K.L.:
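Sharing a structure, written as structure tokens. Questions coming.
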Amino acid sequence: MPDADDYLALLNPEQKAAVIQEGAPLLILAGAGSGKTRVITTKIAYLIGRKQVQPYSILAVTFTKKAAKEMQDRAVALEPLAANAQIRTFHSFGSWFLRKYAEEAGIDKNFTVYDDDDMATLVSKAVPALSRQEAAKAAHRIALAKDFCLTPDSKNLVDIESSPDFPEIYAAYEKRLRSTGNVDFGDLILLPVLVLNDREQIRMQMHYRFRVIMVDEYQDSNVAQFKLLQALSGAEENAGVYVCVVGDDDQSIYRFRGAEVQNILTFQQNFPGTELIRLERNYRSTGCILAAADRIVSNNENRLGKTLRAERGNGNPPVLVFLPTQDDEAAFCAELIMKAYKKGCPYHDWAILYRTNAQSLEFETEFLHRKIPYTVVGSLKFYEREEIKDILAFLALIANPRDEIAFRRIVNKPAHGIGEKTQDTVVEYMKDHAGTAGGGELRSGLIAACRECAKSMSKKAQRGLTDFVSVIDDLTVYFDSAAAGKLSVFIEKTAERSGLLEYHSSQDEISGTQRAANIQELINSAVLYPCTRQGLTDFLDAIELDREIEIPGKEHDADTVTLITIHNTKGLEFSRVIITGLENGIFPRQDKTGSDLEEERRLFYVGITRARDELYITSCSVRRLYGRTEYMQPSQFLLEAGKDVFRILGTPPSTYGNDTFPAALHDGEPRKTAGDSLSALWCSGTRLYHDDWGYGQIIKTGYTSGEYVITVQFENGTCRQFMPQYQAHSLMIIHE
DNA sequence: CCCGTCGTTATTTTT
DNA sequence: TAACGACGGG
């Protein structure tokens, strides 16, 4: 039996107060790196071990499966009984709830979850007048509406989309979606809210079941999730459910996806009597890094306010590096990393952060060239790949034969001569007969419809449909007879019998892709699931609700540099971080004002606070953008932070503070374009630092066969020539 | 049905 | 610049 005092003794006073607090709602404002996961997990252990709270009556929700798993593992390490606590993502809770109350929610118990892409397809089927692009946009708005807990008849729908057609489109989509029996992501939250608000009985059952509710990363919850929490807590009917939320308003970065910072800012009003505890001791970053982070975020108006204190000394100031172009930026990063590597710093200590995925390209090219191993996080999602979606569609159709989207995706793949017209006929037939034909017809849904429709069709379509049905039939027979086997074997069978494996293998040869291997990866990931209906739904759920789970070839022990968008770094930390592209228009992105600009600022804050020991920030004066060469200005965030928090390398553009541009402008060479800014940057008198030779000064400049050449006199006596155009990365201009 | 060409358009995306 | 969708010919 673990002794609670052991783990309480590890906490600082605020953390301990947060763990033992009871009797009123609790809001924990946990700054970056302040040990919030430790607090939540300790609290779970404490409630079970010390307060005799039943583990299964604790519900802890997070946003990602990874976070849920980490929380579960750490809680179990402190208190084995925590294995029975419900530690889930919001969406997996919704899924659990909806399978339990499928009937009340008006959906199929075997539902699968449609993603954004499926939504767009469904919109275009529901409203054929829309172009593909319009449908995608409408789908996006519908998703957003659901995040805000708005139904097609909600008045506030205009706040999401002012187009007068929108409510109609949304309603048509809903109708179509309900006819498939499936749900979309928004429904996983919205439908439980509707059911709970509607059915007192069910609400009471939930209050009886869950006595403690904790929410992690509360700053990223949306309105629907807030309403779900409200319903589950029964705050308005004195259900006596204990609520504890943890978050950091300064790290709210998902507004564009419906996250509502207001949720955390107004928590105290919505849950009267709330106690507030701040965790402000930062155990991750050095003081200098935190100082820069604080300077940035202090420029935001809309925040609860908190000041992080460094627990591990000041360290070195963040280095702000001004570079001529994005190529120099990539070279600078590579050089920095290689230099450190030679001194024994592993690659995995490093992360390169950028605002948009497209920016990863320059680094990939450069690193490939220099043989620096790297891992790009998150750009191409496994589950979004065509071959994976194809196989999953087959499985989804077997799980739920009314799944129109899955049906359309694979009925003619590989091609059997079943065009869109034929598909429409089958889908219409199913919809017309589903309600009247009794249970049998309903159960076999689109497959039965295929059989029926085939009778009255052209030879070609008839043949195609018969082929398709026989594939499904074979697989169904196999599925039913293999209940003792593994699901992975069934998926393998599906991949073969459907012809999809062969189809995608041949694609591999044409375009050198890895599709067959990806399919194999999918098959492997199902080995632990039984070949039963339950196993199948569980597997599909796991895939749909945890899209990070399948990252093929991602060896965790590989020593690589991480390339990642700042959004994706939430919850991560690295010893050394380089945040790139700090230029107006890139970061913050253009057109950001007001609260959008505040969110960009928070994003910068998140990026900075990922760094444990060293932080570098780069800003280029020229960047190729959409095929154009753009002259960039340093990010306004750099000015807001103030110069004193950084150590500055390279030459800041004149717009960065009051610095005058180097005298080099008069050095004899005309400054025509940015390409020629070489002579401006690398002019006589400029002080430099070189990796091998140390400090020095440019004593002569000139051109040799068209290339700009500088001569540098180093303090150690060496005198060398360089071509800054190619060697800028090994030479750093000292500004101070 | 497949493949090539032309024109358009460029965030962030836990689930 | 590049990548992707729309369209038309084989």
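Worth knowing before you read on, the calculation uses all heavy atoms, side chains too, and leaves out hydrogens, waters and symmetry mates. Keep in mind that what you see is a predicted model, and the values were worked out from it rather than measured. Note on naming: letters A, B, ... go to the chains in the order of the sequence lines (proteins, then strands), and numbering restarts at 1 for each one.
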K.L.:
Whole-Å distance between B/dT12 C1' and A/I566 CD1?
P.N.:
9 Å

K.L.:
Going by modelled atom types, is there a donor-acceptor pair between the base of B/dT12 and the side chain of A/R355 at under 3.5 Å?
P.N.:
yes

K.L.:
Report yes if a side-chain nitrogen or oxygen of A/N222 is closer than 4.0 Å to either non-bridging phosphate oxygen (OP1 or OP2) of B/dT15; otherwise report no.
P.N.:
no

K.L.:
Measure from CD on A/Q590 to P on B/dT12 and round the result to the nearest Å.
P.N.:
13 Å

K.L.:
Any side-chain N or O of A/T565 below 4.0 angstrom from OP1/OP2 of B/dT11?
P.N.:
no

K.L.:
Could you give the NE2-to-P distance, from A/H567 to B/dT15, as a whole number of Å?
P.N.:
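About 14 Å, once rounded to whole Å.
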
K.L.:
Among pairs that include at least one residue of residues 28-41 of chain A, which meet salt bridge (charged side-chain N to carboxylate O under 4.0 Å, His left out), considering only residues two or more places apart or in two chains?
P.N.:
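Sorted result for residues 28-41 of chain A: A/K36-A/D216, A/K36-A/E217.
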
K.L.:
Indicate yes or no for a side-chain donor-acceptor contact from A/N299 to the backbone of A/I296 under 3.5 Å, with no hydrogens or angles considered.
P.N.:
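Yes, A/N299 side chain to A/I296 backbone: donor-acceptor pair under 3.5 Å.
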
K.L.:
Could you state the CD-P distance from A/E544 to B/dT13, rounded to the nearest angstrom?
P.N.:
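From A/E544 CD to B/dT13 P: 19 Å.
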
K.L.:
Pick the P atom in B/dT12 and in C/dG5, then give their distance to the nearest Å.
P.N.:
16 Å

K.L.:
Check A/R257 with A/D147, please: is the shortest side-chain N to carboxylate O separation under 4.0 Å?
P.N.:
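Between A/R257 and A/D147 there is no salt bridge, as every charged N stays at least 4.0 Å from the carboxylate O atoms.
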
K.L.:
Where each residue is assigned the nucleotide of DNA chain B containing its nearest heavy atom, which of A/L188 and A/F256 is assigned the position nearer the 5′ end?
P.N.:
A/F256

K.L.:
Would you mind checking if A/D596 and A/R255 are paired as a salt bridge, meaning a charged N to carboxylate O distance below 4.0 Å?
P.N.:
yes

K.L.:
Expressed as a whole number of angstroms, how long is the span from A/Q225:CD to B/dT14:C1'?
P.N.:
10 Å

K.L.:
Does A/N568 put a side-chain nitrogen or oxygen below 4.0 Å from OP1 or OP2 of B/dT12?
P.N.:
no

K.L.:
Using a 4.0 Å heavy-atom cut-off, does A/N412 contact any base of the nucleic acid, only the sugar-phosphate backbone, or nothing at all?
P.N.:
sugar-phosphate

K.L.:
Of the options B/dT12, B/dT14, B/dT15, whose atoms approach the side-chain atoms of A/T356 most closely?
P.N.:
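Side chain of A/T356 sits closest to B/dT12.
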
K.L.:
Measure CZ/A/F63 against P/B/dT13 and give the value in whole Å, please.
P.N.:
17 Å

K.L.:
Any salt bridge between A/D403 and A/R409, counting N to O under 4.0 Å?
P.N.:
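The answer is no: the pair does not qualify as a salt bridge.
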
K.L.:
Is the shortest side-chain N to carboxylate O distance from A/R355 to A/E583 below 4.0 Å?
P.N.:
no

K.L.:
Provide, to the nearest angstrom, the distance between the NE2 atom belonging to A/H140 and the C1' atom belonging to B/dT11.
P.N.:
11 Å

K.L.:
When you compare C/dA6 with B/dT11, how far apart are their C1' atoms, in angstrom units rounded to a whole number?
P.N.:
24 Å

K.L.:
With distance as the sole criterion, do the side chain of A/R257 and the base of B/dT15 form a donor-acceptor contact below 3.5 Å?
P.N.:
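Present.
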
K.L.:
So A/K146, base contact, sugar-phosphate only, or nothing? Heavy-atom distance under 4.0 Å.
P.N.:
nothing

K.L.:
Does OP1 or OP2 of B/dT12 have a side-chain N or O of A/N357 closer than 4.0 Å?
P.N.:
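It does, given that an N or O in the side chain of A/N357 lies less than 4.0 Å from OP1 or OP2 of B/dT12.
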
K.L.:
Using a 4.0 Å heavy-atom cut-off, does A/Y254 contact any base of the nucleic acid, only the sugar-phosphate backbone, or nothing at all?
P.N.:
base

K.L.:
Could you give the CD-to-C1' distance, from A/E217 to B/dT15, as a whole number of Å?
P.N.:
14 Å

